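All ligand and atom numbering here is 1-based and tracks the order in the structure. Every value quoted in this text rests on a predicted model; they were computed, and no experiment measured them.
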Amino acid sequence: MNRTTSPPARGRLIVFEGIDGTGKSTQLRLVALALRQRGYPVVATREPTEGPYGRRIRALYADRGGCSREEELDLFIADRRDHVEAVLQPALAAGKIILCDRYFLSTAAYQGANGMDVGTILARNRFAPVPDLAILFEAPIALGIERITASRGEGLNDFEKVEGLTRVAKIFAALDLPYIRRIDAAQPIDTVRDTILALILPLLPPPSAAN
Ligand code: TMP
């Protein structure tokens with residue numbers, strides 16, 4: 001009798017990163033659909049989460065001066081700890097394919113742009129599972145701002161915000177980690193989706209092996 005047991009299933013963690021307005025959330029929906037149609041068990045999730053820390057973070061957007069940059073970093077990390085424990089680790093252990101809209105590279109870029117040290121931010125995120133793939137959406141800042149303004153009706157035109165996003169984009173551009181793949185997010189929507197799928201599919205087990 002063959003008593004060898006197969007190793008426990010381990011899912012995949014794929015994160016979507018980039019500045020605001022590059023189409024990450026739209027693409028995450030399209031890619032989740034395409035993977036589900038191929039029979040993969042997909043968990044679509046995002047940060048900041050809908051949990052208590054994520055809600056506090058969203059409340060802060062309305063009143064940015066409401067906390068120091070150190071407190072802001074602490075909130076994003078606390079939110080991530082909850083997310084890792086409640087969603088990411090269990091889904092990975094169950095062999096799911098996780099698509100996560102923003103993860104710790106966003107903390108590096110945004111809180112880095114807010115004056116915190118990028119190396120320290122990454123070190124504080126060592127508790128978080130390293131992604132199998134981080135898809136970094138790249139597009140001109142003007143395009144991102146145009147999309148945000150058009151889709152959400154948000155007034156993002158003031159110089160301070162453009163300057164802030166420019167700093168964020170510079171940090172994203174400088175990140176050099178083996179699991180990062182950069183894509184041109186200014187391409188047509190179907191082209192971007194197909195590019196992303198071409199990056200993800202080779203990393204996945206056959207759908208029947210994923211449960
Ligand atoms: P969203 O618009 O993708 O929901 O993200 C909300 C904002 O939160 C976005 O401007 C990026 C920012 N953010 C950080 O500043 N640090 C982080 O760690 C994460 C996950 C998001």
| task | Please test Leu105 against Leu175 for side-chain contact (heavy atoms from CB on, under 4.5 Å), starting from the C-alpha separation and ending with a verdict. | result | CA-CA 8 Å; Leu105 299 182; Leu175 290 172; 4.0 Å; yes
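Using a 4.0 Å cut-off to heavy atoms of Arg46, the atoms of ligand 1 that qualify are 4 (O). Near Gln111, with a cut-off below 4.0 Å to any heavy atom, the atoms of ligand 1 are 14 (C), 15 (O), 16 (N), 17 (C), 18 (O). Listed by number with element, the atoms of ligand 1 under 4.0 Å from a non-hydrogen atom of Arg80 are 18 (O), 20 (C).
Of all the heavy atoms of Ile57, none lies under 4.0 Å from any atom of ligand 1, so neither backbone nor side chain is involved.
Note on residues 80-117: no pairs pass ring pair (Phe, Tyr, Trp, His ring centres under 6.0 Å), not counting sequence neighbours.
Linking Ile, Leu, Val, Met, Phe, Trp and Tyr residues whenever their side-chain heavy atoms come within less than 4.5 Å places Ile77 and Leu88 in a single cluster.
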For residues 116-138, which side-chain donor-acceptor pairs fall under 3.5 Å, sequence neighbours excluded?
residue : atom : partner : partner atom : Å
Asp117  : OD2  : Gly119  : N            : 3.4
Asp117  : OD2  : Thr120  : N            : 2.9
Asp117  : OD2  : Thr120  : OG1          : 2.7
Arg124  : NH1  : Asp74   : OD1          : 3.1
Arg124  : NH2  : Asp74   : OD1          : 3.1
Asn125  : OD1  : Arg80   : NH1          : 2.7
Asn125  : ND2  : Ile121  : O            : 2.8
Asp132  : OD1  : Arg10   : NH1          : 3.3
Asp132  : OD2  : Arg10   : NH1          : 3.1
Asp132  : OD2  : Leu13   : N            : 2.7
Glu138  : OE2  : Arg182  : NE           : 3.1

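Taking distance alone, with nitrogen or oxygen atoms compared against 3.5 Å, Asp101 stays at or beyond that limit from ligand 1. Note: an N/O pair closer than 3.5 Å links Asp20 and ligand 1 by distance alone. Looking at ligand 1, you'll find an N or O of Arg102 within less than 3.5 Å of one of its N or O atoms.
Residues Asn114 and Gln111 bring no donor and acceptor atom of their side chains to less than 3.5 Å of each other.
Put simply, the residue from Val42, Val31, Ile97 that forms a side chain to side chain contact (heavy atoms under 4.5 Å, CB included) with Arg36 is Val42.
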